[in-house]
Number of protein chains: 2
Amino acid sequence: MPVENTGFSDLLWQLAFQVRSRCQRAVAESGFTLYGMHVRLLHLIAAEPFCRAQTLVETSGRDKAQIARLLKDLQAQGLLTRAPHPEDGRSRVITLTAEGNELLATVRAAEQAVESEFLAKLSEREVETFVRLGRKMLAP
Amino acid sequence: MPVENTGFSDLLWQLAFQVRSRCQRAVAESGFTLYGMHVRLLHLIAAEPFCRAQTLVETSGRDKAQIARLLKDLQAQGLLTRAPHPEDGRSRVITLTAEGNELLATVRAAEQAVESEFLAKLSEREVETFVRLGRKMLAP
DNA sequence: TTTTATGGTTGATAAAGTCAACAATATGTC
DNA sequence: GACATATTGTTGACTTTATCAACCATAAAA
């Protein structure tokens, strides 16, 4: 039995787009020519040491073709390295370079400034609730 | 002063993509060859009688070029009509056709089935809280 | 009346996304 | 060990979403 119209999808569609485009504009204004997806991947790699492409595919839910291309771009920009995986000859371990880490720190600052514009309208407790409920929906 | 890392952007990015791609797959499996953005626009038009392109641009935050193209598509598919605006010679009033309304009702059912998969993990109260907090962030 | 602003259309292009094909490697079966 | 099947990652090819620019018609301001 489908739920009543909660406005959930509409809300998510709107909020996600607003946050996303605002963040991307802020990153661009900081002088970086990274795609939004490049930034998201940098975040994921930083959050998950010893990851490989397959890890990112699973975590992000994105298509492996897209992930492979983005990784290739980021490696070309010197932001990450890929070393043979010790246990799987088909994979490589992905690591951020010092440059990659530095850039990510700067990008994070820009993104957090944008985030705070949205979150300023909520109490700390409300923010925590929103994130917790969202994560609950994402849990397997 | 930027907020601490709340995980907000990450969550939003993940959740929005998951919901979006699931919904789009469900709509496609219902036999419709509509883009995701077509569907979103149909929702917006249905929700706002007497709207025009500019209305949709403002409500959605999308670029007017994109909105114009999507409207053109939907009109070509017989899902909406555009009549001269009584007060503004540059605009047209957008109205869903009977076919458009019918299609939207069907699409809504498919989307709500998907929605309920995500929302089933929350109580009704939690759903309402999530949506309320989200809307609070979007308020001007 | 003239100038400036706005709404909508189209051109052109970029970013995000998806499915397919294939080579290399891993795993399972006998 | 040999062979069949599955998985991982790369690239080709294409679609969908998104953005900026240019322009015309109309509206609003000066």
Side-chain angles (χ1 to χ4, degrees), chain A residues 13-14 16-25 27-29 32-41 44-45 50-77 80 82-94, chain B residues 13-14 16-29 32-41 44-45 50-77 80-94:
Chain A
W13 179 68
Q14 295 261 26
F17 177 74
Q18 298 296 335
V19 172
R20 187 170 71 241
S21 53
R22 274 291 294 113
C23 277
Q24 281 172 22
R25 208 174 306 139
V27 169
E29 281 163 4
F32 299 117
T33 56
L34 289 179
Y35 299 161
M37 287 303 298
H38 286 142
V39 172
R40 300 302 341 152
L41 266 204
L44 289 183
I45 296 160
F50 212 72
C51 65
R52 51 183 185 142
Q54 178 62 9
T55 316
L56 301 176
V57 166
E58 285 169 7
T59 302
S60 67
R62 267 23 178 217
D63 186 87
K64 61 183 181 176
Q66 188 183 6
I67 297 295
R69 291 190 170 93
L70 294 166
L71 288 176
K72 186 175 177 175
D73 291 343
L74 291 170
Q75 183 171 350
Q77 291 182 56
L80 63 81
R82 290 189 278 187
H85 198 285
E87 288 161 24
D88 186 340
R90 304 166 303 183
S91 292
R92 284 177 284 176
V93 178
I94 301 160
Chain B
W13 180 68
Q14 295 261 29
F17 178 73
Q18 297 295 337
V19 171
R20 186 169 75 241
S21 52
R22 274 293 292 111
C23 277
Q24 283 173 21
R25 207 173 307 138
V27 168
E29 281 163 7
F32 300 117
T33 55
L34 289 178
Y35 296 164
M37 288 302 298
H38 286 143
V39 172
R40 302 300 345 153
L41 266 204
L44 289 182
I45 295 161
F50 211 70
C51 65
R52 52 186 185 139
Q54 176 62 10
T55 317
L56 300 176
V57 167
E58 283 170 6
T59 303
S60 67
R62 269 22 179 216
D63 184 87
K64 62 184 182 177
Q66 189 183 7
I67 298 296
R69 289 187 171 93
L70 294 167
L71 288 175
K72 185 175 180 176
D73 291 343
L74 291 170
Q75 183 171 349
Q77 291 182 55
L80 63 82
T81 58
R82 290 191 275 188
H85 197 284
E87 289 160 20
D88 187 340
R90 303 165 303 181
S91 294
R92 283 176 287 177
V93 178
I94 300 160

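Within the 4.5 Å cutoff, the side chain of B:Q54 has no heavy atoms near those of the B:R90 side chain. Using a 4.5 Å heavy-atom threshold, the side chains of A:L56 and A:L71 count as touching. Annotation: side chain of A:W13 is not in contact with side chain of B:V39 (no heavy-atom distance under 4.5 Å).
For the pair B:Q66 CD and C:dA16 P, the interatomic distance rounds to 14 Å; values are reported in whole Å. Atoms CD (B:Q54) and P (D:dA27) sit 15 Å apart, rounded to a whole Å. Taking atom CG on B:L41 and atom C1' on D:dA18, their separation rounds to 13 Å, with Å as the unit. Remark: C1' of C:dG17 and CH2 of B:W13 are 12 Å apart, rounded to the nearest angstrom. Spacing between atom OH of A:Y35 and atom P of C:dT13 amounts to 15 Å, rounded to whole angstrom units. Summarising the geometry, the separation between CD1 on B:I67 and P on D:dT16 is reported as 17 Å, rounded to the nearest angstrom. When the P atom of D:dT17 is taken as reference, atom CE of A:M37 falls 16 Å away, rounded to whole Å. A straight line from CD of B:Q18 to P of C:dA16 spans 17 Å, rounded to a whole angstrom.
When distances are taken from the side chain of B:R62 to each of D:dG9, D:dT19, D:dA18, the shortest belongs to D:dA18. Nearest nucleotide to the B:R82 side chain, out of C:dT9, C:dG8, D:dA18: C:dT9. The side chain of B:R90 lies closest to C:dA5, out of C:dA16, C:dA5, D:dT17. Checking D:dT19, D:dT11, D:dT8 against every side-chain atom of A:K72, the shortest atom distance belongs to D:dT11. When distances run from any side-chain atom of A:R69 to the nucleotides D:dA13, D:dT17, D:dA18, the shortest one goes to D:dA13. The side chain of A:F17 sits closest to D:dA18 out of C:dT18, D:dA18, D:dG9. Closest to the side chain of B:A65, from the set D:dT19, C:dT6, C:dT18, is D:dT19.
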Where do B:L44 and B:S60 land on the side chain to side chain contact (heavy atoms under 4.5 Å, CB included) test, with the steps shown first? CA-CA 8 Å; B:L44 289 182; B:S60 67; 3.9 Å; yes

Check the pair B:V27 / B:Q24 against side chain to side chain contact (heavy atoms under 4.5 Å, CB included), numbers first and verdict last. CA-CA 5 Å; B:V27 168; B:Q24 283 173 21; 5.7 Å; no

Does the pair B:Q14 and A:R40 meet the rule for a side chain to side chain contact (heavy atoms under 4.5 Å, CB included), with working shown? CA-CA 10 Å; B:Q14 295 261 29; A:R40 300 302 341 152; over 6 Å; no

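Nucleotides of DNA chain C nearest to A:D63 and A:Q24 differ in position, and the one nearer the 5' end is that of A:Q24. Between B:G61 and A:K64, it is A:K64 whose nearest contact on DNA chain D lies nearer the 5' terminus. Residues A:L70 and A:E87 both approach DNA chain C. Their nearest nucleotides, taken by heavy-atom distance, put A:L70 toward the 5′ side. Along DNA chain D, the nucleotide nearest B:G36 and the nucleotide nearest A:D88 are compared for position; the residue whose nucleotide lies closer to the 5' end is A:D88.
Within the 4.0 angstrom heavy-atom criterion, only backbone atoms of the sugar-phosphate kind lie near B:R20; the bases stay farther away.
OP1 or OP2 of C:dG8 sits under 4.0 Å from a side-chain N or O of B:S91.
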